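These numbers were taken from a predicted model, which means no experiment stands behind them.
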Amino acid sequence: MAFPEVIQKSLRLYEPSQIAKYLIDAAQEFNAFYSHVRVVSHSSRPQPSF
């Protein structure tokens, strides 16, 4: 949700690395969430029917 503000800050400060840092942080948060709350498990994967 903070992405628009990060874009504005990056533009204002002439620091594109602000965007990369935000995306890395978001990916780490998602990874931490996913390691505790499985959305898809091996048993719920569709099996090939051939």
Working note: Phe3 + Ile19, criterion side-chain contact (heavy atoms from CB on, under 4.5 Å); need CA distance, chi angles, decisive distance, verdict.
CA-CA 8 Å; Phe3 193 62; Ile19 299 168; 4.0 Å; yes
Closest heavy-atom pair, Ser10 versus Pro16, reported as atoms and distance to 0.1 Å, is OG-CA, 3.3 Å
Cluster check Leu23, Tyr34: I/L/V/M/F/W/Y, side chain < 4.5 angstrom
no
When you compare the side chains of Glu15 and Gln18, does any donor N or O come within less than 3.5 Å of an acceptor on the partner?
yes
From Tyr22 atom OH to Glu5 atom CD, the distance as rounded to the nearest 0.5 Å:
8.5 Å
Could you measure the distance from the CG atom of Leu13 to the CD atom of Gln8? Nearest 0.5 Å is fine.
11.0 Å
